[in-house]
Protein chains: 2
Amino acid sequence: MKKQESKISLSNNELASICKALGHPARIMIIDYLKEVDECICGQIVDILPLAQSTVSQHLKALKKAGLIKGEVDGPRTCYCLNEETLKKFKQCVEKI
Amino acid sequence: MKKQESKISLSNNELASICKALGHPARIMIIDYLKEVDECICGQIVDILPLAQSTVSQHLKALKKAGLIKGEVDGPRTCYCLNEETLKKFKQCVEKI
DNA sequence: ATCGTATATCGTAGATATACGATTAATAAT
DNA sequence: ATTATTAATCGTATATCTACGATATACGAT
């Protein structure tokens, strides 16, 4: 399998990782918000959550690590959006449970 | 809303709780196994997982707390099965992400 | 060059999670 | 009554998570 290609399904561990990343209310809220606004910078997420900037940054890192979101550095900002590919696989996987 | 009735959807926190419960490979394996065998006693799960009985028992407790499984005491055994109602709601909720 | 803005990272305290062995509790079998 | 079986709970060690403030980094604007 080449680097660029991606698996159709998720391993047990991958699914668990994604679930774990979604296992916190703040991170669910971030996902919901990104769904709503399509894309945004970190500061906007800090504004809607009752959490410190550093804490939000940590949550974003966790979501990124699980492949649920993408972050693109744009000058001093970082623009975040959902990673639709991972979400799609996650949904397919959950459907089969 | 009466006690017996159940909500159609899940709150942010409920969804996070369910995801959290699924956020461990062993617990995903338990769910998979229960899907496969429909129902079983704790000891069978202990047999298929490389974990101590007490650890498996803890994982089962976590899944039960999240409402993902049901456990019925039957003499000295406990018979576990999936809680289809919660799973259904979870799937619906994930689909909407 | 300096300042301001946006965000990531560091350090840290306290809470949870995860694993295990030992123990307890409940029942079934002898 | 004693013993065996099954599973939950307790106690505990270690690891991870979650939150924060402080600091570092990167860049744009002045």
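Convention: sequence-line order gives letters A, B, ...; per-chain numbering from 1.
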Presence of A:His59 side-chain N/O under 4.0 Å of D:dA19 phosphate oxygens OP1/OP2
yes
Mind checking whether B:Ile41 and B:Val37 sit in one hydrophobic cluster, side chains of I, L, V, M, F, W, Y counted as touching below 4.5 Å?
no
Taking the nucleotide of DNA chain D with the closest heavy atom to each, which residue, A:Leu51 or A:Asp74, is nearer the 5' end?
A:Leu51
Under the ring-ring contact (aromatic ring centres under 6.0 Å, His included) definition, can you give me all pairs with a residue in residues 71-97 of chain A, not counting sequence neighbours?
none
Side-chain heavy atoms under 4.5 angstrom apart, residues restricted to Ile, Leu, Val, Met, Phe, Trp, Tyr: same cluster for B:Met29 and B:Leu51?
yes
Name all stems that contain residues of DNA chain D, defined as runs of 3 or more consecutive Watson-Crick or G-U wobble pairs, both distances under 3.5 Å.
C:1-30 with D:1-30
Near DNA chain C, under 4.0 Å by heavy atom, which residues of residues 11-36 of chain B?
B:Lys20, B:His24, B:Arg27
Sorted by chain and number, sequence neighbours left out, side chain to side chain contact (heavy atoms under 4.5 Å, CB included) with B:Ser17 holds for none
Kindly work out whether a path of hydrophobic side-chain contacts (I/L/V/M/F/W/Y, heavy atoms less than 4.5 Å apart) joins B:Ile18 to B:Ile97.
yes
A:Leu63 has an atom CG; how far is it from atom P of C:dA8, in whole Å?
12 Å
What string of B, S and - do you get for nucleotides 6-11 of chain D 5' to 3' if you count protein non-hydrogen atoms under 4.0 Å?
BBBB--
Residue pairs fulfilling ring-ring contact (aromatic ring centres under 6.0 Å, His included) with at least one residue in residues 25-48 of chain B, sequence neighbours excluded
none
Test side chain to side chain contact (heavy atoms under 4.5 Å, CB included) applied to A:Ser57 - qualifying residues, sequence neighbours left out
A:Gln53
Which residues pass the side chain to side chain contact (heavy atoms under 4.5 Å, CB included) test with B:Glu84, not counting sequence neighbours?
B:Leu82, B:Leu87
Tell me: CG of A:Leu49 to C1' of D:dT18, nearest whole Å?
14 Å
Which pairs pass side chain to side chain donor-acceptor pair (under 3.5 Å) with one or both residues in residues 58-70 of chain A, sequence neighbours excluded?
A:Arg27-A:His59
Show every side chain to side chain donor-acceptor pair (under 3.5 Å) that has at least one partner inside residues 36-45 of chain A, sequence neighbours left out.
none
A:Ala52 vs A:Lys65, nearer the 5' end of DNA chain D by closest nucleotide
A:Lys65
Listed by chain and number, what are the side chain to side chain contact (heavy atoms under 4.5 Å, CB included) partners of A:Asn13, not counting sequence neighbours?
A:Ser11, B:Pro25
